[in-house]
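Note on naming: letters A, B, ... go to the chains in the order of the sequence lines (proteins, then strands), and numbering restarts at 1 for each one.
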Protein chains: 2
Amino acid sequence: MRNRETLIPVYYRLAEDIKKQIESGELKDGDLIPTEVQLGEQYSISRMTVRQGIALLAEAGLIETIKGKGSFVTRPRLNQLVIDLKHVGVPREQVHYKLLDVNLIRNNTDFANKLGFTGEASVIAIKRLMLKGNLPVAIEEKFLRYQKGKPLLETQLEYADFPEVVAKHQESVPVRNDMLISVAALSAAQAKLLDAGEGLPALVIKQVIYSKDDKLLGVATMVCHKDRYELKATSYPLLGRL
Amino acid sequence: MRNRETLIPVYYRLAEDIKKQIESGELKDGDLIPTEVQLGEQYSISRMTVRQGIALLAEAGLIETIKGKGSFVTRPRLNQLVIDLKHVGVPREQVHYKLLDVNLIRNNTDFANKLGFTGEASVIAIKRLMLKGNLPVAIEEKFLRYQKGKPLLETQLEYADFPEVVAKHQESVPVRNDMLISVAALSAAQAKLLDAGEGLPALVIKQVIYSKDDKLLGVATMVCHKDRYELKATSYPLLGRL
DNA sequence: TAGTGGTCTAGACCACTCG
DNA sequence: GAGTGGTCTAGACCACTAA
């Protein structure tokens, strides 16, 4: 029966109880939690309801369930960090963009293939500058397959993030986004755009977007000013639902 | 009834069917999928079983369910990228470590506080070099609260990753790991250790580990050779379960 | 063989949304 | 008020694990 005072589902309470026991150290890494039947008796609820609570804990990565054996406490997966590109770097409100260049590079198979677009000849190239106030923060270069009948809208170029631009302009549905984070020294041209010195370190973020058959849909590269952009990642989101 | 030929649960098949419809573009961003009752009739299964399938899709981020309205298709969350520290940078087998320094810095409150350890005076500092073959890849510096009765074992220092070292040495259970990725120029000392030139760009990865009350448990900094270390992140893991 | 988790049913009542 | 998803029940049979 649902707890009428709080309107919090029973299975949720059960999950929180066990979560607390793990965080307090009462239940340690590798420990077995009570069986589903035992928990059902403890809380006077049916087994399906117990399973809902256990599913929450498993989803959060706090336990691992093995058929025929039981549910074991696991150390929270602190090795899996999440980067949320929507809330990264600089607060959204202070950022604006300056479009530097938009090009349709037609019938240049070499160029397309070099980017990874196999069997394509025409590529859209977009270059823009990201600014915070008047300070240049990053140079962004994006490349997309050219897709007939799917025009790129200016508003999208200005405000949408890269996966969204790709989704809007491609027939294929984007299903994977890989990111490579590396470091490089600024070229003279880059240094000028970023209002920094040539040869200074810069953060380089490369995004590659694929459809379900691993067909490349888009490539984006960000070259970031070393003092004005910082990537953050956290393990928290996985546990946050509980 | 379970499909006896394949042993694949019905709810899983249902989820895969809808996933395919999303990936093929048959169901688009914002579309409503059939109601739970309708799906139950289509597949001749009970509503609870339908809900299991829908839960899978929601977990994968393919749909979003709103009480009283229905389940809507959402674009896969390509903006949330996962870094798996276990499989990052360089293949595990080729890596080994050289311990440079282990120090117990006693009764130095200033030092501890500067790192963020409030109300503590003693800190353990570990410095080691990560190598791939004979090539130095990164300089790692780690700082932990000193915890009585929880000795640091040499094997842990050599082989365990940072969250694990913290978990083993602290009373408090680590529950969050934040990471900051930035860029810096190598100092003369760093350049010498990494066998690189002074002033060259380097990737700087800072990890901060907290317990559930946001108490700081550990800080780690990695300074990486620009050509020998690269961070990878991907959106895939979130969808991988389906 | 006994105990565990995994799947599934056929109901029930509830809270929420919308016309 | 009709339709939706959210919670929950009291069973059932299955596959897997371990003694």
Side-chain angles (χ1 to χ4, degrees), chain A residues 1-19 21-22 27 30-74 240-242, chain B residues 1-19 21-22 27 30-74 240-242:
Chain A
M1 180 80 80
R2 171 83 135 287
N3 184 325
R4 294 174 189 287
E5 295 164 12
T6 57
L7 292 185
I8 295 174
V10 191
Y11 71 85
Y12 192 89
R13 291 185 159 282
L14 181 151
E16 278 198 321
D17 286 352
I18 294 178
K19 183 193 175 199
Q21 288 176 44
I22 293 172
L27 282 170
D31 283 359
L32 211 47
I33 69 170
T35 69
E36 296 178 351
V37 174
Q38 284 169 3
L39 286 169
E41 285 164 359
Q42 277 180 38
Y43 287 81
S44 304
I45 56 181
S46 79
R47 199 181 140 220
M48 282 306 287
T49 306
V50 172
R51 282 179 62 76
Q52 267 188 84
I54 286 181
L56 275 188
L57 292 164
E59 203 180 325
L62 293 172
I63 64 170
E64 195 171 307
T65 295
I66 301 176
K67 193 199 288 195
K69 297 179 80 171
S71 289
F72 298 85
V73 176
T74 58
R241 301 172 205 169
L242 244 188
Chain B
M1 180 81 78
R2 171 83 133 289
N3 184 325
R4 296 174 189 285
E5 294 165 13
T6 57
L7 293 184
I8 295 175
V10 191
Y11 71 84
Y12 192 88
R13 290 184 157 282
L14 181 151
E16 278 199 320
D17 286 351
I18 294 178
K19 185 194 175 198
Q21 289 175 43
I22 293 172
L27 283 169
D31 283 359
L32 210 47
I33 70 171
T35 69
E36 295 178 352
V37 173
Q38 284 169 3
L39 285 170
E41 286 165 359
Q42 276 179 39
Y43 287 80
S44 306
I45 55 179
S46 81
R47 202 182 136 219
M48 281 306 287
T49 306
V50 172
R51 282 178 63 74
Q52 267 188 82
I54 286 181
L56 274 188
L57 292 164
E59 203 180 323
L62 293 172
I63 63 171
E64 196 170 306
T65 296
I66 302 176
K67 192 200 289 195
K69 298 179 80 173
S71 290
F72 298 85
V73 175
T74 58
R241 299 171 206 171
L242 244 190

- [ ] Calculate the interatomic distance between B:Glu41 atom CD and C:dA10 atom P; express it in whole Å.
- [x] 13 Å
Task: Atom-pair distance (OH on A:Tyr43; P on D:dT9), nearest Å - done: 14 Å
TODO: Using atom types as modelled and distance alone, determine if a side-chain donor or acceptor of B:Thr74 lies under 3.5 Å from a backbone N or O of B:Gly61.
DONE: yes
- [ ] Specify the closest pair of heavy atoms between A:Asp17 and A:Tyr43, including all atoms of both residues, with the distance to one decimal.
- [x] OD2-OH, 2.6 Å
What are the atom names and distances for every N/O pair under 3.5 Å that joins the protein to nucleotides 1-4 of chain C?
{"from": "C:dG3", "atom 1": "N2", "to": "A:Gly68", "atom 2": "O", "distance (Å)": "3.2"}

Open item on the list: With rounding to the nearest 0.5 angstrom, report the CD1 to CD1 distance, B:Ile54 to B:Ile33.
Closed with: 4.5 Å
TODO: Locate the shortest heavy-atom distance separating A:Leu39 from A:Pro34; write the atom from each residue and the value.
DONE: CD1-O, 3.7 Å
Task: Atom-pair distance (CG on B:Leu57; P on D:dG5), nearest Å - done: 13 Å
Task: Under the side-chain contact (heavy atoms from CB on, under 4.5 Å) test, residues paired with B:Phe72 that sit two or more places apart - done: B:Leu32, B:Ile66, B:Lys69
Task: Shortest non-hydrogen separation from A:Lys19 to A:Leu62 and the atoms involved - done: CG-CD1, 3.6 Å
Open item on the list: Measure OH/A:Tyr11 against P/D:dT9 and give the value in whole Å, please.
Closed with: 13 Å
Task: Length of the line joining A:Tyr12:OH and D:dC8:P, which is rounded to integer Å - done: 13 Å
- [ ] May I have the distance from B:Glu64 (atom CD) to D:dG5 (atom P), rounded to whole angstrom?
- [x] 14 Å
Task: Strand contacts (DNA chain D) in residues 47-55 of chain B, 4.0 angstrom heavy-atom criterion - done: B:Arg47, B:Met48, B:Arg51
Task: Distance in angstrom units between B:Ile45 CD1 and C:dG11 P, rounded - done: 16 Å
Open item on the list: If I take atom CG from residue B:Leu14 and atom CD1 from residue B:Ile8, how far apart are they, to the nearest 0.5 angstrom?
Closed with: 13.0 Å
Task: Distance, nearest 0.5 Å, that separates CD1 of B:Ile45 from CZ of B:Arg51 - done: 12.5 Å
